[in-house]
Amino acid sequence: MYTQAMDTMGKDGGPKAVRSAEDHQLEQRFDARIEAGEFVEPKDWMPDHYRKTLVRQISQHAHSEIVGMLPEGNWITRAPTLKRKAILLAKVQDEGGHGLYLYSAAETLGTSRDQMLEALHAGKAKYSSIFNYPTLTWADVGVIGWLVDGAAIMNQVPICRCSYGPYARAMIRICREESFHQRQGFESLLTMMEKGTDAQRAMVQDAVDRWWWPSIMMFGPPDDQSPNSALSMKWGIKRVSNDELRQRFIDATAEQAKVLGVTLPDPELKWNEERQHYDFGKIDWDEFWRVIAGHGPCNQERLAARVKAWDDGEWVREAALAYARKQELQQQAA
Ligand code: BYC
């Protein structure tokens with residue numbers, strides 16, 4: 001299991017000391033390739049810690065996609081029109097697809113999908129904090145598109161240039177689809193704000209109030225409290241830091257909020273002419289750490305839903321394997 005594999009790292013969570021001159025040479029060559037901006041491919045030599053960092057990040061990302069299907073999936077039967085239902089169905093289906101590309105990318109690093117899912121179901125693997133919040137009204141679905149997919153794109157576009165080829169290539173397709181997701185969310189909210197009733201506009205504002213702070217937590221802890229950033233940046237897994245991406249997202253979203261006619265729930269949000277960025281208020285990092293430790297409003301519900309889906313799907317996996325075995329035997333006999 002990959003979480004156990006993490007035990008082979010050094011005690012401080014960093015890589016172990018290089019063991020031999022040959023390892024040292026391989027590592028130097030690897031660093032030079034990264035420096036030159038070359039892609040690393042599955043069969044290439046790579047440091048253990050690079051491999052583990054990728055498995056950790058890509059599998060967390062894959063889990064986020066499939067857990068992320070749950071809050072919105074909750075609204076498919078209650079979408080207000082057939083058009084909105086079709087859009088939401090397609091979006092949730094896309095997220096399932098993103099999870100599959102990402103599990104495949106992680107498998108190229110030598111970890112099986114079963115191992116990754118086992119870690120998720122045992123509560124050992126993380127998924128994005130954002131999906132532990134409830135979707136209380138239809139406006140939440142629009143706000144997820146606008147803010148959550150918006151934050152996801154901001155974070156994920158730089159991963160298209162990640163040093164690991166299979167992850168970078170998966171991200172190109174994912175980002176194209178995510179940008180549709182973001183736009184449909186914004187358009188759904190704009191429709192409610194421009195053509196809706198006062199009650200619908202209040203519903204949108206309420207959803208924005210609840211999702212704003214969790215959305216800006218999606219980028220991860222501040223850079224000076226991010227234990228993985230230094231190596232991930234050195235190795236070109238991460239190209240832009242947590243804080244810089246968060247600032248870019250806030251700058252873009254504050255302008256979009258004006259077009260929508262909603263107020264972002266931060267009295268300290270203000271354009272700073274000197275910095276050429278928006279200043280913003282204090283983020284409640286205690287809430288973030290609580291949620292990723294498993295104590296958010298919906299952690300138990302989300303995990304229980306994934307475990308149930310896995311258990312319910314057992315007969316499908318068994319049937320698929322039995323069919324594959326039968327095909328193989330028939331081919332051997334022919
Ligand atoms: N939630 O050292 P750090 C989506 C963990 S969107 C939970 O900065 P790193 C979607 C972090 O894992 C979301 N945990 O870590 C959108 C680490 O713990 P471990 C998915 C978080 O990896 C719409 C610890 O905190 N996107 O898919 O350098 C619909 C310290 O953090 C979070 C991705 O996963 C969080 N928000 O940076 C459907 C993008 N933030 O692992 C689906 C790829 C931090 O050491 N991932 N942690 O135990 C990344 O870009 C990076 O992994 C992160 C964190 C920026 C998230």
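Just follow the structure's listing: the first ligand is 1, and inside any ligand the first atom is 1. Quantities reported herein were computed from a predicted structural model and do not represent experimental measurements. Atom set for the values below is all heavy atoms of this structure, side chains included, hydrogens, waters and symmetry mates excluded.
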Novice: In terms of residue, atom name and distance, what is the protein heavy atom nearest to atom 27 (O) of ligand 1?
Specialist: Glu65 OE2, 3.3 Å

Novice: Identify, for atom 13 (C) of ligand 1, the protein heavy atom at the shortest distance, and state residue, atom and that distance.
Specialist: Ser128 CB, 3.5 Å

Novice: Do the side chains of Met69 and Leu303 join up, straight or via other hydrophobic residues, at under 4.5 Å, putting them in one cluster?
Specialist: yes

Novice: Regarding Glu41 and Arg169, does a basic nitrogen lie under 4.0 Å from an acidic carboxylate oxygen?
Specialist: yes

Novice: Centre-to-centre under 6.0 Å for Tyr164 and Phe39, is that the case here?
Specialist: no

Novice: Under 4.0 Å from a heavy atom of Pro221: which atoms of ligand 1 are those, numbered in the order shown and with their elements?
Specialist: 8 (O), 30 (C), 31 (O), 44 (C)

Novice: His181 vs His98 aromatic rings, parallel, tilted or perpendicular, using cut-offs 30° and 60°?
Specialist: parallel

Novice: Do me a favour and list the nearest non-hydrogen protein atom to atom 12 (O) of ligand 1 with residue, atom name and distance?
Specialist: Gln60 OE1, 3.0 Å

Novice: Could you see which bit of Lys238 sits under 4.0 Å from ligand 1, with heavy atoms only: side chain, backbone, both or neither?
Specialist: side chain

Novice: When the side chains of residues 315-334 are checked against the rest of the protein, which donor-acceptor pairs come out under 3.5 Å, sequence neighbours left out?
Specialist:
unit_1 : atom_1 : unit_2 : atom_2 : d
Trp315 : NE1    : Asp312 : O      : 3.4
Arg317 : NH1    : Trp310 : O      : 3.0
Arg317 : NH2    : Trp310 : O      : 3.1

Novice: Regarding atom 24 (C) of ligand 1: of the candidates Trp289, Phe219, Phe288, Tyr127, which has the closest heavy atom?
Specialist: Trp289

Novice: Please determine if Arg290 and Asp286 form a salt bridge, counting it only when a charged side-chain N lies under 4.0 Å from a carboxylate O.
Specialist: no

Novice: To the nearest 0.5 Å, what is the distance between CG (Asp243) and CD1 (Ile283)?
Specialist: 8.0 Å

Novice: What is the nearest protein non-hydrogen atom to atom 14 (N) of ligand 1, stated with its residue, atom name and distance?
Specialist: Ile292 CG2, 3.5 Å

Novice: Checking contacts here: is it the side chain or the backbone of Phe131 that comes within 4.0 Å of ligand 1, counting heavy atoms only? Could be both or neither.
Specialist: side chain

Novice: Students should be able to answer this: which protein heavy-atom is nearest to atom 35 (C) of ligand 1, and at what distance?
Specialist: Ser129 OG, 3.6 Å

Novice: Is it possible for you to say whether Val143 and Ile76 belong to one hydrophobic cluster, with membership spreading through side-chain heavy-atom contacts below 4.5 Å?
Specialist: yes

Novice: Which atoms of ligand 1 are found less than 4.0 Å from any heavy atom of Gly220?
Specialist: 40 (N), 44 (C)

Novice: With a 4.0 Å heavy-atom cut-off (strictly under), which part of Arg56 contacts ligand 1: side chain, backbone, both or neither?
Specialist: side chain

Novice: In terms of atom number and element, which parts of ligand 1 are under 4.0 angstrom from non-hydrogen atoms of Tyr167?
Specialist: 43 (C)

Novice: Would you say Met218 and ligand 1 have an N/O pair spaced under 3.5 Å apart?
Specialist: yes

Novice: Which atoms from ligand 1 have a heavy atom of Met217 less than 4.0 Å away?
Specialist: 36 (N)

Novice: Can you name the atoms of ligand 1, numbered from 1 with element, that are less than 4.0 Å from a heavy atom of Ala152?
Specialist: 6 (S), 16 (C)

Novice: Could you tell me if the ring centre of His61 sits under 6.0 Å from that of Tyr101?
Specialist: no

Novice: From the options His61, Gln57, Met69, Lys124, select the one whose nearest heavy atom is closest to atom 33 (C) of ligand 1.
Specialist: His61

Novice: Out of Glu178, Glu95, Gln225, whose heavy atom is nearest to atom 38 (C) of ligand 1?
Specialist: Glu95

Novice: One residue to check: Ile144. Relative to ligand 1, which of side chain, backbone, both or neither has a non-hydrogen atom less than 4.0 Å away?
Specialist: neither

Novice: Could you check atom 3 (P) of ligand 1 against the protein and tell me its nearest heavy-atom contact, residue, atom and distance included?
Specialist: Ser226 OG, 3.3 Å

Novice: State whether the side chain of Thr135 and the backbone N or O of Asp140 hold a donor-acceptor pair below 3.5 Å, judged by distance alone.
Specialist: no

Novice: Answer with side chain, backbone, both or neither: which part of Ile159 has a heavy atom less than 4.0 angstrom from an atom of ligand 1?
Specialist: side chain

Novice: Using a 4.0 Å heavy-atom cut-off, which part of Val291 comes near ligand 1: side chain, backbone, both, or neither?
Specialist: neither

Novice: With a 3.5 Å distance limit and no angle check, can you tell me whether Arg201 reaches the backbone of Met193 through a side-chain donor-acceptor pair?
Specialist: yes

Novice: Who's closest to atom 23 (C) of ligand 1 heavy-atom-wise, of Asp149, Asn155, Asn132, Asp94?
Specialist: Asp149

Novice: Check whether any N or O atom of Glu72, backbone or side chain, sits under 3.5 Å from an N or O atom of ligand 1, and answer yes or no.
Specialist: no

Novice: So, does Arg78 use its side chain to make a donor-acceptor pair with the main chain of Thr137 at under 3.5 Å?
Specialist: no

Novice: Find out if a path of hydrophobic residues (ILVMFWY) with successive side-chain heavy-atom gaps under 4.5 Å connects Ile87 to Leu190.
Specialist: no

Novice: Looking only at the side chains, is there a donor atom on one of Asn242 and Asp223 sitting less than 3.5 Å from an acceptor on the other?
Specialist: no

Novice: Tell me which protein heavy atom sits closest to atom 48 (O) of ligand 1, plus the residue, atom name and distance to 0.1 Å.
Specialist: Lys126 NZ, 2.5 Å

Novice: Is it the side chain (CB and beyond), the backbone, both or neither of Gln156 that lies under 4.0 Å from ligand 1, heavy atoms counted?
Specialist: side chain

Novice: With a 6.0 Å cut-off on ring centres, are Trp235 and His49 close enough?
Specialist: yes

Novice: Students should be able to answer this: which protein heavy-atom is nearest to atom 45 (O) of ligand 1, and at what distance?
Specialist: Asn228 ND2, 3.1 Å

